[in-house]
Amino acid sequence: MFGGGEIDLRDARFADREIRVRAFALWGYTEVIVPDDVEVEIKGFGLFGAFDRSAVRRERGAPRIVISGLALFGGVGTRVKEAPKASFDRD
């Protein structure tokens, strides 16, 4: 509320084929970053605010992220980024 936040799901391990994220922005901004190899659906509602739908993607057989919530005089943004490469240190 009156601020901002970021949820980065690129390093997340999904326990199920579908996960749900509820994002609320009350006079502020929330950003959800999703990996580039998942399906994204956005069901949020903006009242004098907006839900960015630029990350909506259809990937058959991929894990699915459903983003819902409310943007009241604020915004919820979504952005697709490449998942970081795994690096392992070997001794």
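Computation of the quantities below employed the complete heavy-atom set of this structure, encompassing side-chain atoms and omitting hydrogens, waters and symmetry-equivalent molecules.
Applying the ring-ring contact (aromatic ring centres under 6.0 Å, His included) test to residues at least two apart or on different chains, the pairs with a partner in residues 41-85 are W27-F73, F48-F73. The list of salt bridge (Lys or Arg N to Asp or Glu O under 4.0 Å) pairs with a residue in residues 26-38, not counting sequence neighbours, reads E31-R79.
Using a 4.0 Å cut-off between charged nitrogen and carboxylate oxygen, E39 and R58 count as a salt-bridge pair.
Note on V56: it clusters hydrophobically with V80, by side-chain heavy-atom contacts below 4.5 Å among ILVMFWY residues. No chain of hydrophobic side-chain contacts below 4.5 Å, direct or via other Ile, Leu, Val, Met, Phe, Trp or Tyr residues, connects V21 to F24.
The shortest non-hydrogen separation linking V76 to L70 is CG2-O, 4.4 Å. For the pair E59 and V38, the tightest heavy-atom approach, listed with the atom from each and the gap, is CG-O, 3.6 Å. Across all non-hydrogen atoms, the minimal contact from A50 to A71 is O-CB, 3.6 Å. Residues T30 and A25 come closest through the heavy atom pair OG1-CB, 4.1 Å.
Residue-environment remark: CZ (R22) stays at or below the threshold of 12 foreign heavy atoms within 6.0 Å.
Atom CG of D52 sits about 4.0 Å away from atom OG1 of T78, to the nearest 0.5 Å. Remark: K81 NZ to I33 CD1 distance equals 4.5 Å, nearest 0.5 Å. Separation of atoms CD1 (I65) and CD1 (I19) is listed at 4.5 Å; rounding is to 0.5 Å.
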Check residues 6-14 and write down every donor-acceptor pair under 3.5 Å in which the side-chain atom is one partner and the other belongs to a residue at least two apart or another chain.
unit_1, atom_1, unit_2, atom_2, d
D8, OD1, R10, N, 3.1
D8, OD1, R10, NE, 3.0
D8, OD2, R10, NE, 3.3
D8, OD2, R10, NH2, 2.8

